[in-house]
2 protein chains.
Amino acid sequence: MTGDQIASEQTISEAIRSLMPTLTRAEKQLAHSLLDNYPVSGLGSITTVADNAKVSTPTVARMVKKLGCSGFPEFQARLRQELEAAISNPIAKHDRWATDVPDAHILNRFADAVMANMRQTLAQLDPKMFDAAADLLAEEAHAVHVVGGRISRALADYFFTHMQVIRPGVTLVASNSNAWPHYVLNMQPGDVLVMFDVRRYEHDILKLAEMAQAQGVRIILLTDQWGSPAARHAEFSFNIRIEAPSAWDSSVVTMTVVETLIAAVQNRLWDDSRDRVKRLEDLFDQTKMFRKFV
Amino acid sequence: MTGDQIASEQTISEAIRSLMPTLTRAEKQLAHSLLDNYPVSGLGSITTVADNAKVSTPTVARMVKKLGCSGFPEFQARLRQELEAAISNPIAKHDRWATDVPDAHILNRFADAVMANMRQTLAQLDPKMFDAAADLLAEEAHAVHVVGGRISRALADYFFTHMQVIRPGVTLVASNSNAWPHYVLNMQPGDVLVMFDVRRYEHDILKLAEMAQAQGVRIILLTDQWGSPAARHAEFSFNIRIEAPSAWDSSVVTMTVVETLIAAVQNRLWDDSRDRVKRLEDLFDQTKMFRKFV
DNA sequence: TGAAAAATGTAATGAAAGTTTCAGAAACCA
DNA sequence: TGGTTTCTGAAACTTTCATTACATTTTTCA
């Protein structure tokens, strides 16, 4: 990722410790300074590092060569690499996906990309904002409107289908933007508008956000990592990574966030919602269109 | 100790997040690059940081000023200071970059479940079957029909929307099962039917599979780990894990498989499909309904 | 659609950083 | 102690970095 590719089995700190006995007076001084508050103490400039250890810069330069680095910059690169490995999220790690398949197979490449998207999205997602958005969606006093663009329409549909069961007052805004003013007309102040807007942001959806906000509608926006222009009208914005080894963007993480939101709202409304689910089940039984609900 | 004494209540990452909406395109790009793998990604030289984010060095210089630093060196000093504080306090460390979220939060529980689903699904998925299914979908001589159930309709819709761009002869079967006989009437021997059927398997969809198979239609089925009864009529069955800490099943991995299929088919038809994408783009431009396609 | 404003990158410049050389200081040994 | 070796840092030198000014591109809005 960072392009720092220095092969070594040993960490810098291990190397320092094992070399310690052979080090000279000034070098030992430096070594202790480095191990003290490792590895941050090694991340400044060579001058800072030297000053901190009260030695001269050439001493530092000689020392890093003894540690097997070509120079101070490589020494730092290795420190950063170690740091990266130490603090990387456990989600990043996975045992090989589809076994017996070359890593280069599209299945594995796609899974890798999805995992990276997932990790990065979650790392940047503010759980307080998530909880607040879920709270808002759980307020049955206010209607919820859901709208998506050309591609994200399917996600809007998915979200709508679930929310419709969980709580009353949920409407899916038609994807045809000509009809949007009519929908806005029916929105009340305090209503919630959930918008999906990814990549080639449509101008119309920005207009919709403007109109809705002007009516006092509170907006939850699900968009990509670059952010839709509609974000400035949104009270809550979820920025989701959508990169994929494909000509198309990936909606997988967006789907994850959608499903998590659904679960969170369902939890908040459980008593009421359980009753609704039960009634829906009965309705299905009556029409014989579906078997059991759960 | 380090001499880096810059007073600030806010961490750099908090500052970036709160500034995010007001940032410009290149700055957002840089912001994400910094948050990604924070704070290591910010510890290289300004040139490295700029290169990693694919922006110019002046953009980095301007950005750090927006973050309230006098210059890049001060920015780095603050990052190191944060790092020092975080490392000396393991609890803070966990909170800071292991996603900022307590493990028990629904976001993490859901992500864990999705990850487990992904692993198990891919481990059991036969890549040869996957490739064969993609080959079949890439045969332009045969029409492709797509159908989904009540919940999986959104997935069917998503698959359809993409396939429609990639190749000709793709139809979405209406979700209303009353109309299905009409659709079957229009299916030719050798046509492909992509079916989504998850959990409470609908009786009608089994009937549809029977009818279609009787007409010589080849069936690709995306179902859950227990398998839809329609599987016995399907030439290719994808069994996908759908468990989630929710009252609902998770469609995330199904979405992943769908997107991977889309990418695989697109690769196979690239020459032809590129042309179609181009033409679609022109059409969008003409109608002014959308901006750029890609 | 075109003018004005904003954003972004190229290129030049001065300021540091990192490296090397070398002379003096310290340790070692006879 | 004197000679030798090793260690250390001052200073010169080269390279890279961070910053600024400016030109180009992109966006915005009338």
Side-chain angles (χ1 to χ4, degrees), chain A residues 2-4 6 19-34 41-80 200-204 206-207 209-210 226-233, chain B residues 2-4 19-34 41-80 285 288 291-292:
Chain A
T2 55
D4 304 330
I6 298 106
L19 273 174
M20 191 64 91
T22 73
L23 295 178
T24 64
R25 197 259 315 150
E27 284 171 344
K28 277 202 180 103
Q29 210 171 309
L30 172 59
H32 282 113
S33 166
L34 285 176
S41 41
L43 289 174
S45 71
I46 195 172
T47 320
T48 321
V49 172
D51 285 355
N52 276 346
K54 309 241 166 55
V55 299
S56 66
T57 56
T59 301
V60 181
R62 279 187 290 265
M63 174 83 164
V64 300
K65 286 199 176 145
K66 282 198 184 175
L67 293 169
C69 304
S70 67
F72 191 76
E74 182 180 315
F75 167 77
Q76 278 200 332
R78 275 176 60 177
L79 279 185
R80 281 199 298 272
R200 40 200 171 282
Y201 314 101
E202 295 160 29
H203 185 248
D204 292 340
L206 174 59
K207 281 281 170 207
E210 269 174 38
W226 301 286
S228 151
R232 78 178 76 115
H233 303 290
Chain B
T2 54
D4 304 330
L19 273 175
M20 190 65 89
T22 72
L23 296 178
T24 63
R25 197 258 315 150
E27 285 171 343
K28 273 192 188 134
Q29 213 170 306
L30 171 61
H32 279 106
S33 166
L34 288 174
S41 40
L43 290 174
S45 71
I46 195 171
T47 320
T48 321
V49 171
D51 284 354
N52 275 348
K54 308 236 167 58
V55 299
S56 64
T57 53
T59 300
V60 181
R62 281 187 287 262
M63 174 86 165
V64 300
K65 289 204 173 139
K66 281 199 183 177
L67 293 170
C69 305
S70 66
F72 191 77
E74 181 182 315
F75 167 79
Q76 277 200 332
R78 276 176 59 177
L79 278 186
R80 281 198 298 273
D285 278 354
K288 302 272 188 214
R291 298 236 284 249
K292 283 292 265 182

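The figures here come from the full heavy-atom set of this structure, side chains too, leaving out hydrogens, waters and symmetry mates.
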Heavy atoms from other residues, nucleotides or ligands near NZ of K66(A) exceed 12 (cutoff 6.0 Å): yes
Rounded interatomic separation in angstrom, taking CG from L30(A) and C1' from dG9(D): 14 Å
Closest to side chain of P73(B), choosing from dG9(C), dT8(D), dA18(D): dA18(D)
Heavy-atom closest pair, residues G68(A) and E74(A): O-OE2, 3.9 Å
Distance, nearest 0.5 Å, that separates OG of S33(A) from CG of D51(A): 10.0 Å
Spacing of F72(A) atom CZ relative to dT16(D) atom C1', expressed in whole Å: 14 Å
Nucleotide nearest I46(B) when distance is taken to its side chain, options dG18(C), dC7(D), dT19(D): dT19(D)
Separation of dT28(D) C1' from L206(A) CG (nearest whole Å): 12 Å
Whole-Å gap separating C1' (dA27(C)) and NZ (K28(A)): 13 Å
Pairwise distance CE(M63(A)) to CD1(I46(A)) - rounded to 0.5 angstrom: 12.0 Å
Distance in angstrom units between D51(B) CG and dT10(C) C1', rounded: 14 Å
Side-chain N or O of S45(B) closer than 4.0 Å to phosphate OP1/OP2 of dC17(D): yes
Check: T48(A) and L43(A) side chains under 4.5 Å, non-hydrogen atoms: no
Side chain of T24(B) - closest among dA18(D), dG9(D), dT8(C): dT8(C)
Nucleotide nearest T47(A) (side chain, heavy atoms from C-beta), chosen from dT8(D), dT19(D), dA17(C): dA17(C)
Nearest-Å distance for atom pair CZ/C1', residues R25(B) and dG9(C): 10 Å
DNA chain C contacts made by residues 58-66 of chain B, counting heavy atoms under 4.0 Å: P58(B), T59(B), R62(B)
Value in whole Å for how far the P atom of dA7(C) lies from CD of Q29(B): 15 Å
Nearest-angstrom distance from the residue atom CD of E27(A) to C1' of dC7(D): 9 Å
Over all atoms of both residues, closest heavy-atom pair of S41(A) and L34(A): OG-O, 2.9 Å
Side-chain heavy-atom pair V49(B), F72(B) within 4.5 angstrom cut-off: yes
